[in-house]
Number of protein chains: 2
Amino acid sequence: MTKQLDRNAARLAALGHPVRLAILRAVVKGPAEGTPAGDLQTQVGIPASTLSHHLATLSEADLVKVERSGNFLLYRCDFKSLKTLCDYLWEDCCSGGKCC
Amino acid sequence: MTKQLDRNAARLAALGHPVRLAILRAVVKGPAEGTPAGDLQTQVGIPASTLSHHLATLSEADLVKVERSGNFLLYRCDFKSLKTLCDYLWEDCCSGGKCC
DNA sequence: ATAAAAGTTCGAAAAAAATCGAAATAGATC
DNA sequence: GATCTATTTCGATTTTTTTCGAACTTTTAT
């Protein structure tokens, strides 16, 4: 119960940072195969080590998936988790017919 | 551009804390008129001053609205903002027809 | 084998967020 | 107008997050 809440809070916290949100938006818009960490670094303009830390946070939250391709690490959005997260926020919202 | 990103990151950060997420879920499920801060306190079980801080964070993020009724403060969900936030995450997600 | 390229991990410092008691405020009631 | 109730604001402390250079790992290319 609170397990699910904590998990979702962690995911939202992962998205609650400008750099990480920019990364998520980049992989949402990016190619299905994934985007190399280096390309993401160019887009957000921060040192590699900092970027890597943010990518780890998103990964641990299951918001992105990684796969190696040669020398590159390709990051892509985990759309399923993102959907689960959004759905959670709205669960039982219409009990009184007051919203959606 | 980055203005919108920062705003949305702030909203997600507001939701990225177990207590605040619990509060949001309570007001999503709660009555349309709003829920008194005291009731929320009972539900989350923390000191009033700490709760108040979290409520302020959610308020500043426009995720909840407050209205006084007698000496109660009624908090309710701002569904419109919540929707805007969720929509933002998925914007341009289907460029490659790869998800939804 | 060596070296180069792409990223990650480590470690320490700086910045931001969370916590809670005590004091203050606003409205209702006597 | 004094007091009670609900809640916020203040202030100080603790905890967590963010940051980034330096060193390390993994894969490719020479």
Side-chain angles (χ1 to χ4, degrees), chain A residues 2 5-24 26-27 30-31 33-77, chain B residues 2 5-24 26-27 30-31 33-77:
Chain A
T2 189
L5 186 132
D6 285 347
R7 182 93 192 99
N8 285 318
R11 283 181 174 167
L12 289 161
L15 294 177
H17 184 286
V19 166
R20 287 192 301 261
L21 184 54
I23 293 168
L24 181 99
V27 297
E33 321 85 72
T35 306
D39 287 11
L40 294 170
Q41 187 185 0
T42 306
Q43 296 188 48
V44 301
I46 58 173
S49 64
T50 304
L51 175 70
S52 192
H53 171 257
H54 286 309
L55 287 171
T57 300
L58 289 168
S59 241
E60 278 156 31
D62 285 326
L63 289 164
V64 300
K65 293 237 174 295
V66 209
E67 196 171 1
R68 181 176 282 277
S69 167
N71 243 326
F72 297 89
L73 288 181
L74 300 178
Y75 285 87
R76 60 181 196 281
C77 181
Chain B
T2 188
L5 185 132
D6 285 346
R7 183 92 192 100
N8 284 317
R11 283 182 176 167
L12 290 161
L15 295 176
H17 184 286
V19 166
R20 287 191 303 259
L21 185 53
I23 293 169
L24 182 98
V27 296
E33 322 83 72
T35 307
D39 287 13
L40 294 170
Q41 186 183 1
T42 306
Q43 296 189 47
V44 301
I46 59 174
S49 64
T50 305
L51 175 71
S52 192
H53 171 256
H54 287 309
L55 288 171
T57 301
L58 288 168
S59 240
E60 279 156 29
D62 286 325
L63 289 164
V64 301
K65 293 236 174 296
V66 209
E67 195 171 2
R68 183 176 281 276
S69 167
N71 58 32
F72 296 91
L73 288 181
L74 301 177
Y75 285 87
R76 61 181 195 280
C77 181

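Letters A, B, ... are given to chains in the order of the sequence lines, protein chains preceding strands, and every chain is numbered from 1. What's counted below: heavy atoms across the whole structure, side chains too, no hydrogens, waters or symmetry copies.
The base of C/dG7 does not come close enough to the side chain of A/Ser52 for any donor and acceptor atom to sit less than 3.5 Å apart.
In this structure, B/Leu51 atom CG and D/dT7 atom P are separated by 9 Å, rounded to whole Å. If you take CG of A/Leu74 and P of C/dA5, they are 19 Å apart, rounded to a whole angstrom. Taking atom CG on A/Leu73 and atom C1' on D/dT25, their separation rounds to 11 Å, with Å as the unit. The distance between atom CZ of A/Arg68 and atom C1' of D/dT26, rounded to the nearest whole Å, is 5 Å. One can place CD1 of A/Ile46 at 11 Å from P of C/dT8, the figure rounded to the nearest angstrom. Going from atom CD of B/Glu67 over to atom P of C/dA26 covers 18 Å, rounded to whole Å. The CG-C1' distance, from A/Leu15 to D/dT17, rounds to 16 Å in whole Å. Rounded to whole Å, atom C1' of D/dT5 lies 8 Å from atom CZ of B/Phe72.
For B/His17 and D/dT17, the shortest distance from a side-chain N or O to OP1 or OP2 is not below 4.0 Å. In this structure, B/Tyr75 reaches the D/dT8 phosphate: one of its side-chain N or O atoms is under 4.0 Å from OP1 or OP2.
Distances were taken from every side-chain heavy atom of A/His54 (C-beta onward) to each of D/dT8, D/dT27, D/dT19; the shortest belongs to D/dT19. Closest approach to the B/His53 side chain among C/dT8, D/dT8, C/dT19 is made by C/dT19 (side chain taken as heavy atoms from C-beta onward). The side chain of A/Pro47 lies closest to D/dC20, out of C/dT8, D/dC20, D/dA6. The listed nucleotides are C/dT8, D/dT7, C/dT19; the one nearest the side chain of B/Thr50 is C/dT19. Proximity note for A/Pro36 (side chain, C-beta onward) versus C/dA18, D/dT7, C/dG7: the nearest is C/dG7.
Position along DNA chain D of the nearest nucleotide to A/Ser49 versus A/Arg20 favours A/Arg20 as the more 5'-ward residue.
A 4.5 Å side-chain heavy-atom check between B/His54 and B/Ile46 finds at least one atom pair inside the cut-off. Between A/Val27 and A/Leu40, the closest side-chain pair of non-hydrogen atoms falls below 4.5 Å.
With hydrogens and angles ignored, the 3.5 Å screen pairs a side-chain donor or acceptor of B/Thr42 with a backbone N or O of B/Gly38. Under a 3.5 Å cut-off, the side chain of B/Glu67 and the backbone N or O of B/Leu73 do not form any donor-acceptor pair.
Contact annotation for B/Ala37: backbone-only contact, meaning every heavy-atom pair under 4.0 Å involves sugar-phosphate atoms and none involves a base.
Each of A/Leu55, A/Thr57, A/Leu51 was scored for a side chain to side chain contact (heavy atoms under 4.5 Å, CB included) with A/Arg20, with one residue passing: A/Thr57.
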